[in-house]
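This report concerns only the one structure given below.
Being a predicted model, the structure only gives us computed values, none of them experimental.
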Amino acid sequence: MNYIWEMVIKAKQNNLKSSELFFKQGNDISPWYEQSFSSLNQKEIENTNIEINSFYRFNDLFSKFLNEGFLENIEFKEKFFDLVIHFLSEIDLSKGISKESIYLLQLEEEIDLGVFGKEIEKNFKAFNKNEKDKILPILLTQLKLGSSMYNFRNALKSIYPDVLLYQMKEEPHRILIYLGIKKDGKQIKKMNFIIDMFLEVGYKPRIFWENHFGVGGVKQTLHLDEIELL
């Protein structure tokens, strides 16, 4: 939950009216976030007084207004700030936010709340925000249309652009995945998430991390100290 429109939606989900929210400029702000919660992982509206970082998207609008020397009436200044933020949030919701954006927000929250299982919840935390923004639309498509090898490949490519995916002719349900990266705990969690959420039941994946398996006739894959055996 980062943007003001997300906060308004979350408040409505918690049976709070938008008019009950009072937006204030936060003191302890980050240049990377619009929200200014005490915890970056906060998922609920815990207080109707919400501190935000208005400079995140609206620096030109608020930089002068929030200057200490601009307007002496602090109470009027705070109420006017709240009024403008409410107006901007309505613009977000009416023009800039699609239904899909709301569905993606809800899907992310369901994963974080363990709706898809504790293991999925734990593994999802391994992705950074940029990676989540890439993989969630693919997952939403899959939930609408059903699982397929196409979605599995897209999910892999979105996180690992250089991935190589092989399907054995003799054993079509055997999938070989070459990543070309170092194996560590975080990458294992990411791969487990992708396999559990996207790969159809019945397929048997095998992951090759740093070393490729040998392919007959392809010299680049036949260095003895750089190959794995099938």
Side-chain angles (χ1 to χ4, degrees), residues 1-3 5-16 30 32-47 50 97-163 165 167 173-210:
M1 184 165 52
N2 182 35
Y3 299 101
W5 63 266
E6 291 182 90
M7 301 172 201
V8 172
I9 290 175
K10 174 54 70 174
K12 289 180 179 178
Q13 291 174 345
N14 292 342
N15 297 316
L16 288 172
S30 165
W32 311 112
Y33 295 94
E34 191 159 86
Q35 54 99 328
S36 185
F37 300 136
S38 57
S39 170
L40 294 179
N41 297 315
Q42 182 173 323
K43 299 295 181 183
E44 300 293 333
I45 299 297
E46 299 175 353
N47 194 314
I50 301 176
I97 306 305
S98 65
K99 286 185 178 180
E100 182 173 342
S101 297
I102 297 174
Y103 293 150
L104 290 172
L105 172 63
Q106 293 173 337
L107 177 58
E108 182 175 0
E109 289 182 347
E110 287 178 358
I111 295 173
D112 288 335
L113 291 171
V115 173
F116 293 87
K118 292 297 180 184
E119 193 68 18
I120 294 297
E121 176 190 350
K122 181 183 71 175
N123 292 335
F124 187 62
K125 289 181 171 63
F127 297 99
N128 60 38
K129 186 180 185 302
N130 184 51
E131 291 170 333
K132 289 178 180 179
D133 288 343
K134 291 178 180 179
I135 206 166
L136 281 171
I138 305 172
L139 181 56
L140 183 61
T141 298
Q142 171 147 306
L143 292 174
K144 290 178 180 177
L145 304 178
S147 58
S148 68
M149 184 56 66
Y150 178 79
N151 287 331
F152 176 64
R153 182 181 181 278
N154 278 353
L156 275 175
K157 281 284 187 180
S158 72
I159 305 302
Y160 305 104
D162 298 323
V163 66
L165 190 62
Q167 192 168 8
H173 284 83
R174 189 179 176 195
I175 304 295
L176 307 180
I177 305 166
Y178 172 66
L179 297 174
I181 62 172
K182 186 176 181 180
K183 181 180 180 180
D184 61 34
K186 181 174 287 189
Q187 299 303 332
I188 291 173
K189 289 179 180 179
K190 291 180 185 180
M191 281 304 303
N192 285 343
F193 180 91
I194 293 172
I195 290 171
D196 290 341
M197 294 300 286
F198 291 95
L199 189 60
E200 293 180 89
V201 175
Y203 283 99
K204 298 178 180 179
R206 180 176 175 185
I207 302 171
F208 295 83
W209 296 90
E210 293 182 80

All side chain to side chain contact (heavy atoms under 4.5 Å, CB included) counterparts of L140, not counting sequence neighbours: E100, Y103, L104, L107, K144
Roughly how far apart are I194 CD1 and N123 CG, rounded to 0.5 Å? 10.5 Å
Within a radius of less than 6.0 Å around OH of Y150, do more than 12 heavy atoms belonging to other residues, nucleotides or ligands occur? no
Which pair of heavy atoms, one from A11 and one from I45, lies closest together, and at what distance? N-CG1, 4.0 Å
Working note: E131 + K134, criterion salt bridge (Lys or Arg N to Asp or Glu O under 4.0 Å); need CA distance, chi angles, decisive distance, verdict. CA-CA 5 Å; E131 291 170 333; K134 291 178 180 179; over 6 Å; no
Cationic N near anionic O, under 4.0 Å, E6 to K10: no
Is there side-chain contact between Q167 and L165, with heavy atoms separated by less than 4.5 Å? no
Show the nearest heavy-atom pair for residues L136 and F124, with the distance to one decimal. CD2-CZ, 4.1 Å
Could you check if a side-chain atom of W209 sits within less than 4.5 angstrom of a side-chain atom of M191, using non-hydrogen atoms only? yes
Between the main-chain N or O of M197 and the side-chain N or O of Q142, is there a donor-acceptor pair closer than 3.5 Å? yes
Sequence neighbours excluded, which residues qualify as side chain to side chain contact (heavy atoms under 4.5 Å, CB included) partners of N47? N49
When rounded to the nearest 0.5 angstrom, what is the spacing between CZ in R153 and CD1 in I175? 12.0 Å
As an exercise, state the distance from CG of D196 to CD1 of I120, rounded to the nearest 0.5 Å. 4.5 Å
Ring-plane angle category for F127 and F193, please: parallel below 30°, perpendicular beyond 60°, tilted otherwise. perpendicular
Taking C-beta and beyond as the side chain, do L105 and Y3 meet within less than 4.5 Å on heavy atoms? no
Check whether any side-chain heavy atom of M149 sits under 4.5 Å from a side-chain heavy atom of L199, and report yes or no. yes
Distance, nearest 0.5 Å, that separates CG of D112 from NZ of K132: 5.5 Å
Could you tell me whether the side chain of F198 reaches within less than 4.5 Å of the side chain of I135, counting heavy atoms only? yes
Greater than 12 external heavy atoms within 6.0 Å of K125's NZ: yes
Check: E210 main-chain N/O paired with Y178 side-chain donor or acceptor under 3.5 Å: yes
Heavy-atom count around K157 NZ within 6.0 Å, excluding the residue itself: above 12? yes
Going from OG1 on T141 to CG on N151, what distance comes out if it is rounded to the nearest 0.5 angstrom? 6.5 Å
Are the charged groups of E121 and K118 less than 4.0 angstrom apart, N to O? yes
Measuring only between side-chain heavy atoms, which start at C-beta, is D184 closer than 4.5 Å to Q187? yes
To the closest 0.5 Å, what do you measure between NZ (K189) and CD (E119)? 8.5 Å
Would you say that I177 contacts Y160 through its side chain, given a criterion of any heavy-atom pair below 4.5 Å between the two side chains? no
